[in-house]
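Beneath this line is the structure, given in structure tokens, with notes to follow.
Keep in mind the model is a prediction, meaning the values are calculated, not measured. Letters go in sequence order (proteins before strands), and every chain restarts at 1.
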Amino acid sequence: MTAKKLLLIDGNSLMFRAFFALHNALDHFTNHDGLHTNAIYAFKNMLETVIKQEQPTHILVAFDAGKTTFRTVKYANYKGGRAKMPSELAEQLPYMREFLDSYGIKWYELKDYEADDIIGTLAKEAEAVGFSTTIVTGDRDLTQLTTTKTTVQVTVKGVNQLETYTPAHVKAKLGIEPGQIVDLKGLMGDTSDNYPGVTKVGEKTALKLLTQFDSIDNLYAHIDELKQSKMKENLINDKDQAYMSRDLARIRTDAPLKVQLDDTIYHGPDQAKLIEFYKAMDFNAFLAQLDVTTGTATPQMQNNAMYTLLNGDNLDVLQQLKQPISLIIEMLDDNYHTATLDGFVLGSEGHWYVSNDISLLQEPTIKSLLTDAAIKKSVFDLKRTYVALNRLDIKLAGVDFDLLLASYLLNTNNNSNDLGEIARLHDYTQVETDEAVYGKGAKRQIPADQKLFFTHLANKARAITDLRLPLSDQLKQHAQWDLFIDLEMPLAIVLADMEIAGITVDAQRLTTMQGEFKQRLAQIQKNIYEIAGTEFNINSPKQLSEILFEKLQLPVIKKTKTGYSTSVDVLEKLRSASPIIDEILNYRQISKIQSTYVEGLLKQIHPDHKVHTRYLQTLTQTGRLSSVDPNLQNIPARLEEGRQIRQAFIPRHKDWEIFSSDYSQVELRVLAHISGDENMQAAFRENRDIHANTAMKIFGLDRPEQVTPNMRRQAKATNFGIVYGISDYGLSQNIGITRKQAKQFIEAYFEQYPKVKTWTEAIVQTAREQGYVETLLHRRRYLPDIHSKNFNLRSFAERTAMNTPIQGSAADIIKIAMIQMAQKLKAEKLQATMLLQVHDELIFEAPKSELPILEKLVPSVMDSAIQLDVPLKVDSGHGATWYDVKA
DNA sequence: GTAGTCACG
DNA sequence: ACGTACGTGACTACC
């Protein structure tokens, strides 16, 4: 006899999860009747994952029967104040049941009881007859049902990550037994279910009390033993409430169910019904997964594109291709500056031409097709494709669609670089992921069977062709078409040219520095070992903390997940405690410079004496670029010691210089513009020192002379805080004041800049209502966590709602400037070359003779990139090396 | 592969 | 009561 395994699903809880998991894509998930289907879609995926994982013999999905239950009879406010179910979800309920029916899964609801009670009762019955049971829910309260035979899986993030609770896990996590959870809830109450518990008692206090007294009963039996305190008073006053809350929290295991365990046997889906259901829902991707003839679900049936192998003799077929033509230059390695070109594919609508003979690209037929701006082409990752072809001296032109860029703009959360994965995000399954075909890590390679490789290439090209129209439509619907066509697409070429140009690095200079730093590190290391009285690895936080906090017994300031923190802010506080601290800080600083910037950079220099970074154009959530291999956006600047690294960045010719322009306070100017705050706008219009201005306002001063450097520093931090989505705690940590003071700062700030306050509130509200926020150019960021019950996740989403429009609009602005700058340099036939972008700064190399031109041209392009209600300000400088560029 | 630390805007 | 500043990438240690 095989072991019986029961799967119990908290239908309401998971349905909500499923609904909000795809809340972003609510509009996208509607069937031909206009019915929303997102919750059903996500629920189905989740259900299949769990069934596959658990292999149950029995399944039941429990639902809540209605608003009133025995709990609301006991306590009228139970679950009061809850927002009512969104209508987009409510309309899916009947279909959810139909889905379960066709999937052969029993579902059940019972008047006056909640889903929890059905689950509790069945779990108990199942246990009595020797089943093992798994409960899946989004509600932590169900962990009270955990036993040796019953595990509870709680969704953590989204829907597919589950945290498994066994009695041991409950104990490890909370320090109490599963059975004590009701006592815990009794004492602490539950805000989301809206019952009170004991005044001022939260989880921490409640757990402390339970470790001492085990249960509410025992606590009250010994209440006299507690020392006189406010808490004791509260416990006594709220005794009835505590007992009531405990009873509300307790899940019933004796509900009068009209369903037997035998009714929950899982036989699998009714194929015919399921097909009908998927058709009704327009779940075409799911339909495709069903093998209709055998009536069982099979792995993805892939319909492969037919391809033709190109050779030297059949290239003329390409001239028959209909436009737009999809193009892929395949490289397995990430770094397209150096990766081997493994093959290519060209084609459109049913005609796919592939080859692994790269030399064919040089044939006039193909080369002219690629370089002709009048022949329209679609690609996946324009910058990558352009750079690869440039290595063959082919100037790619005529690309008017990039699937990767389009997908990124539609949802910045989808930051995969894999065509197959991205296609799936858009419900297109007729192409494998690269990982599936090539493998990953050390095993990544072209498949031994060439047919597999060519088929994959053809499928990829077909995916680009098939997704071009729908994604273009979506961009237009989102008002993002201009952002796509006029900004990101042209920018890809500008960035490609910058990467190709590269920046020259003086390896000699770095090697000299390497020697110096090596000596200094050896000396500091010696000092540290002397003070510590032993040798150890200073680079190991673990070994270092043993020395500091155990051997030397320094006070512990902060802990990390795994031990003691040894970060700068901790060490700063310990400075006076031991001379070893200064030495360690010094060691850290220099070894960082040595390993990351001196040695790290040396490794990245190409034979042309340059480094060629790659800008990631589709990674950040805000629209900024990022830079890798090497990262040239975090070259030291703040401290002199590190700043000297910039001496190694030099122009490519003698008699040339490095020239740089940067926006001054661009983010605050953006804030002044979008908030419409008159006071802040006036400060910028009158070209005042914004931080001093803020200091005067929040400290109530009349004259700028009264602003002390410390006031300005605090005001500056407050300005930054606002941009980051202010919190009193964050600000207090940053400038070392109390939380209360920080709160007063923020209040004073908002009084002086009232519209900034209104704007922050409005943007958070906007995020709640539409599920996303936008930049000036309609770059969009979805914030699903804005509705989270989890305080941390929700707060983070709220800060992000404030920060993203600011940071993202600043990113939009400099991107416009870059495109216009590239055009100007070309139009004016200047030799000056744009090399780097560092978020608010553009860096060039140029013959000295062109410097006077650049000094006018670059700032004028940058400050007129966009018209705001406040002026943009740009500072410039130049010098023999990057280090010598000073404004 | 993850965590801790630190470099930048 | 909760426990944080926003956005990144690279290096080292350790499992």
Side-chain angles (χ1 to χ4, degrees), chain A residues 188-189 191 197 199-206 412 441 537-545 558 560-571 584-585 588-601 603-604 613-616 619-639 641-643 645-646 662-663 665-667 717-718 720-735 739 742 746 781 789-808 810-811 814 836-841:
Chain A
M188 67 182 274
T191 37
T199 312
K200 292 278 177 194
V201 172
E203 182 171 293
K204 291 220 166 133
T205 318
T412 50
N537 186 345
I538 308 168
N539 287 320
S540 160
K542 191 163 162 252
Q543 293 184 31
L544 178 63
S545 57
K558 198 167 81 181
T560 65
K561 277 183 230 170
T562 52
Y564 310 110
S565 170
T566 64
S567 61
V568 194
D569 51 316
V570 170
L571 295 187
I584 290 168
L585 284 168
R588 281 250 179 95
Q589 197 200 327
I590 293 173
S591 83
K592 173 84 178 178
I593 300 170
Q594 178 79 316
S595 65
T596 305
Y597 297 105
V598 178
E599 290 169 351
L601 210 50
K603 283 185 215 151
Q604 298 276 359
T613 186
R614 277 176 298 134
Y615 289 103
L616 305 186
L619 181 134
T620 71
Q621 302 290 314
T622 54
R624 274 192 178 181
L625 301 174
S626 84
S627 157
V628 293
D629 295 335
N631 180 354
L632 295 179
Q633 291 182 319
N634 70 347
I635 302 299
R638 290 169 193 169
L639 300 174
E641 206 102 72
R643 192 183 173 89
I645 291 291
R646 296 183 173 221
D662 67 291
Y663 284 113
Q665 314 294 353
V666 62
E667 292 189 343
T718 312
F720 273 108
I722 298 288
V723 169
Y724 293 154
I726 196 98
S727 76
D728 49 13
Y729 181 85
L731 181 63
S732 72
Q733 287 298 300
N734 192 290
I735 51 179
R739 213 171 143 158
I746 296 167
R781 179 174 183 176
K789 256 169 77 175
N790 179 319
F791 176 87
N792 283 328
L793 290 179
R794 189 176 66 246
S795 305
F796 182 64
E798 287 168 2
R799 292 196 295 273
T800 313
M802 302 181 227
N803 175 262
T804 297
I806 302 173
Q807 189 184 119
I814 195 164
L836 304 175
Q837 187 251 44
V838 191
H839 309 306
D840 62 358
E841 179 184 12

Checklist outcome for this item: The contact string for nucleotides 3-9 of chain B, one letter per nucleotide 5' to 3', using protein heavy atoms under 4.0 Å with B, S and - for base, sugar-phosphate only and none, comes out as SSSBBBB
Item to check | P atoms of dG4(B) and dA5(C), separation to the nearest Å | outcome: 13 Å
Checklist entry - Which part of the nucleic acid, if any, lies within reach of G600(A) when heavy atoms closer than 4.0 Å are counted: base, sugar-phosphate only, or nothing? => result sugar-phosphate
Item to check | Secondary-structure stems for DNA chain C, with pairs counted as Watson-Crick or G-U when both distances are under 3.5 Å and runs at least 3 long | outcome: B:1-9 with C:6-14
Checklist entry - Do the side chains of I806(A) and Y724(A) get nearer than 4.5 Å, heavy atoms only? => result no
Item to check | Step-by-step side-chain contact (heavy atoms from CB on, under 4.5 Å) determination, L632(A) to V838(A) | outcome: CA-CA 8 Å; L632(A) 295 179; V838(A) 191; over 6 Å; no
Checklist entry - Which part of the nucleic acid does F796(A) contact within heavy-atom distance under 4.0 Å: base, sugar-phosphate only, or nothing? => result sugar-phosphate
Item to check | Contact check, side chains of K558(A) and D569(A), non-hydrogen atoms, under 4.5 Å | outcome: yes
Checklist entry - Can you find a pair of side-chain heavy atoms, one from R646(A) and one from I635(A), that are under 4.5 Å apart? => result yes
Checklist entry - Taking the P atom of each, how far is dT4(C) from dT5(B), in whole Å? => result 14 Å
Checklist entry - What nucleic acid atoms does S627(A) come within less than 4.0 Å of, heavy atoms only: base, sugar-phosphate, or nothing? => result sugar-phosphate
Checklist entry - So, do L836(A) and E841(A) sit near enough that their side-chain heavy atoms are less than 4.5 Å apart? => result no
Next on the checklist: We want to know whether S732(A) and R739(A) form a side-chain donor-acceptor pair, criterion being a heavy-atom distance below 3.5 angstrom.
Outcome noted: no
Next on the checklist: Please classify the nucleic acid contact of L619(A) as base, sugar-phosphate, or nothing, using heavy-atom distances under 4.0 Å.
Outcome noted: sugar-phosphate
Checklist entry - Which part of the nucleic acid, if any, lies within contact of A717(A), taking any heavy atom under 4.0 Å across all strands shown: a base, the sugar-phosphate backbone alone, or nothing? => result base
Next on the checklist: Under 4.0 Å from a heavy atom of chain A: give me the 5'-most and 3'-most nucleotides of DNA chain C that qualify.
Outcome noted: dA1(C) to dC14(C)
Item to check | Side-chain heavy-atom pair Q633(A), L625(A) within 4.5 angstrom cut-off | outcome: yes
Item to check | Check: D629(A) and Q604(A) side chains under 4.5 Å, non-hydrogen atoms | outcome: yes
Item to check | Residue met sooner reading DNA chain C from 5', once K603(A) and G202(A) are mapped to nucleotides | outcome: G202(A)
Checklist entry - Can a donor-acceptor pair be found between the side chains of S627(A) and T613(A) at a distance below 3.5 Å? => result yes
Next on the checklist: So that I can tick it off, tell me whether R624(A) and E667(A) are bridged by a salt bridge, with the cut-off set at under 4.0 angstrom between side-chain N and carboxylate O.
Outcome noted: yes
Checklist entry - With sugar-phosphate meaning primed atoms plus P, OP1 and OP2, does R643(A) contact a base, only sugar-phosphate, or nothing at under 4.0 Å between heavy atoms? => result nothing
Next on the checklist: Taking Q837(A)'s backbone N and O only, do any of them form a donor-acceptor pair with Y615(A)'s side chain (distance below 3.5 Å, no angle check)?
Outcome noted: yes
Next on the checklist: Counting the atoms with a prime plus P, OP1 and OP2 as sugar-phosphate, which does L616(A) contact under 4.0 Å by heavy atoms, base, sugar-phosphate, or nothing?
Outcome noted: sugar-phosphate
Checklist entry - Toward the 5' end of DNA chain C, which comes first, L731(A) or T596(A), by nearest nucleotide? => result L731(A)
Next on the checklist: Within the 4.0 Å heavy-atom criterion, would you say N792(A) contacts the bases, only the backbone, or no part of the nucleic acid?
Outcome noted: sugar-phosphate
Next on the checklist: What's N790(A) touching, base or sugar-phosphate or nothing? Going by heavy atoms closer than 4.0 Å.
Outcome noted: nothing
Next on the checklist: Do T620(A) and T412(A) make a side-chain contact, defined as non-hydrogen atoms from C-beta onward lying under 4.5 Å apart?
Outcome noted: no
